[in-house]
Amino acid sequence: MKFTLDMKLKDIMAANPKTVDAMQEMGLHCLGCPFSVNESLQNAAQMHNLDPEKLLAKINTVEQGEMSAQAAANAQPVGAILQADKETYAIAPHIPAGVATPEILRKIADVAEKYNAPAIKVTSAQRIAIVGLKPEDVPKAWEDLGMDPGYAIGLCVRSVKVCPGSDFCKRGLQETLGIGTELDKRYHGMALPSKFKIGVAGCPNKCTDSANVDLGLMGTSKGYHLYIGGNGGVKPRQGNLLLENLQHDQLLPVIDCVIDYYKNTAKQNERLGRLIDRIGLDELRERVNQTLEK
């Protein structure tokens, strides 16, 4: 069969396992990661700064067969992210809303020490990553942690960033930890047309970048403002203010509506902001208003 750029890596590998050798030779070293293999060949090429057409041509010339033993050995361990040295890995346990207990912190520290990790990194997405693990130690580290991986890569909802809100911060105008934890339970890891980031802020300072992520909440004295369509990257985009002063019980129905619309309307690899740029906000705004009227 002829492969295409919009096919997922896992489907290509299933159709012809020997393509793994070719993709690794071209620079795709994340073929053991359950998140990365759900990406399209086009997106994987872009993420690794590869020429998509050259990569496509390469795998379409591979004869049918099984992957080599070397390719299997080089496959990325489950739940790990290859580091710049192309030899070691980082793992990032999932910490909902960025709230960790002393027990969790001790466990992460113990595992990092046990496997001689050179660093523990607090990431910008409120994860704590153990950095520099040898590939053979990754499965053992996950077993010792007893925690789920955070969705750090892939076409899905990433970790939900949440500020302390009115529970702890003197500037907090609205509660954030409860709604952030609920959003995490509801959406974290959900497969979508592209990566999707959520931020929840308790005041207009927007410490969680709520106006610059795909979906963000900002607390006000009267409720929550909802921003959609923001993103960073090479072509950063400011989010659109969709609704103002939503009440707590309105948040989940409205957010469900936005994510459902995005999931069923966007093209593959199209961020929410690019979808808005392409077709506008009118249809989504109408659907959201209908949701509020129910």
Side-chain angles (χ1 to χ4, degrees), residues 33-36 38-40 43-44 46-47 81 90 92-99 121-129 148-165 176-177 179-202 204-219 224-243 246 251-252 254-278 281 284:
C33 172
F35 312 137
S36 293
N38 279 300
E39 294 181 342
S40 68
N43 191 62
Q46 292 171 344
M47 292 290 290
I81 303 168
H94 182 47
I95 303 176
V99 178
K121 175 70 172 69
V122 178
T123 75
S124 60
Q126 298 182 337
R127 292 183 292 261
I128 300 177
D148 294 327
Y151 283 81
I153 54 179
L155 306 183
C156 63
V157 178
R158 309 291 179 83
S159 293
V160 180
K161 292 173 65 175
V162 186
C163 81
T176 58
L177 295 176
I179 187 63
T181 301
E182 182 60 34
L183 293 176
D184 184 278
K185 290 178 181 177
R186 205 175 186 93
Y187 302 118
H188 180 240
M190 176 186 284
L192 290 174
S194 187
K195 61 183 176 183
F196 195 95
K197 298 184 178 182
I198 297 175
V200 182
N205 283 339
K206 305 183 190 72
C207 294
T208 52
D209 299 323
S210 54
N212 299 298
V213 291
D214 297 274
L215 189 146
L217 294 174
M218 183 199 81
Y224 298 84
H225 286 6
L226 174 63
Y227 292 86
I228 61 169
N231 62 257
V234 178
K235 296 181 179 179
R237 186 185 191 281
Q238 180 81 12
N240 296 86
L241 177 58
L242 184 65
L243 293 168
L246 286 166
L251 295 178
L252 289 180
V254 166
I255 293 172
D256 279 345
C257 178
V258 171
I259 292 181
D260 184 67
Y261 177 82
Y262 170 62
K263 186 175 184 178
N264 293 296
T265 309
K267 298 178 180 179
Q268 185 75 359
N269 298 311
E270 184 177 45
R271 295 289 291 271
L272 177 55
R274 303 308 166 199
L275 171 65
I276 294 170
D277 291 339
R278 178 167 62 87
L281 268 174
L284 176 55

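One is the number of the first residue; the rest follow in order along the sequence.
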Lys197 atom NZ, neighbour heavy-atom count above 12 within 6.0 Å: no

Point-to-point distance, once rounded to the nearest 0.5 Å, from NE2 of His188 to CG of Asp148: 9.0 Å

Answer whether the closest heavy-atom distance between the side chains of Leu252 and Arg186 falls below 4.5 Å. yes

Contacts of Asp184 meeting side-chain hydrogen bond (donor to acceptor under 3.5 Å, both in side chains) (sequence neighbours excluded), chain-then-number -> His94

Decide, yes or no, whether a salt bridge links Arg237 with Asp277 under the criterion of side-chain N to carboxylate O below 4.0 Å. yes

Atom CG of Asp260: over 12 foreign heavy atoms under 6.0 Å: yes

Do Leu284 and Ile228 touch side chain to side chain, with heavy atoms closer than 4.5 Å? yes

For a side chain to side chain contact (heavy atoms under 4.5 Å, CB included) check, start with the C-alpha distance between Asp209 and Lys161, then their side-chain angles and the critical distance, and finish with the verdict. CA-CA 9 Å; Asp209 299 323; Lys161 292 173 65 175; 3.3 Å; yes

Can you confirm whether or not the ring centre of Phe196 sits under 6.0 Å from the ring centre of Tyr262? yes

Atom of Cys207, atom of Ala201 and distance for their closest heavy-atom approach: N-CB, 4.3 Å

Which value, rounded to the nearest 0.5 Å, describes the distance between Leu281 atom CG and Ile276 atom CD1? 4.5 Å

Suppose we screen for side-chain contact (heavy atoms from CB on, under 4.5 Å). Which residues come up paired with Ile81, at least two apart in sequence or across chains? Gln83, Ala152

With distance as the sole test, does Thr181 use its side chain to make a donor-acceptor pair with the main-chain N or O of Ala97 at under 3.5 Å? no

Between Ile198, Val254, Val160, which is the residue that forms a side chain to side chain contact (heavy atoms under 4.5 Å, CB included) with Leu215? Ile198

Pairwise side-chain contact, Leu217 with Leu226, heavy-atom cut-off 4.5 Å (strictly under): yes

What's the spacing between Leu192 CG and Gln268 CD if we round to 0.5 Å? 10.5 Å

To the nearest 0.5 Å, what is the distance between CD (Gln46) and OG (Ser40)? 7.5 Å

Reported OH-to-CG distance for the pair Tyr227 and Leu242, which is rounded to 0.5 angstrom: 11.5 Å

Would you find a donor on one side and an acceptor on the other, under 3.5 Å apart, between the side chain of Ser210 and the backbone of Lys206? no

Does Asn231 use its side chain to pair, donor to acceptor, with the backbone of Lys235 at less than 3.5 Å? yes

Side chains of Lys121 and Ile128: does their closest heavy-atom pair fall under 4.5 Å? no

Restricting to side-chain contact (heavy atoms from CB on, under 4.5 Å), what partner residues turn up for Glu270, sequence neighbours left out? Ala266, Lys267, Arg274, Leu275, Arg278

Compare all side-chain heavy atoms of Asp214 with those of Arg271 and state whether any distance is below 4.5 angstrom. yes

Shortest non-hydrogen contact from Ala125 to Ser159? O-CB, 3.8 Å

If you take all heavy atoms of Gly219 and Pro204, which pair is closest and at what distance? O-CD, 3.5 Å

Look at the side chain of Thr208 and the backbone N and O of Gly199, then say whether any donor-acceptor pair between them is shorter than 3.5 Å. no

Student check: side-chain heavy atoms of Met190 and Ile259 closer than 4.5 Å: yes

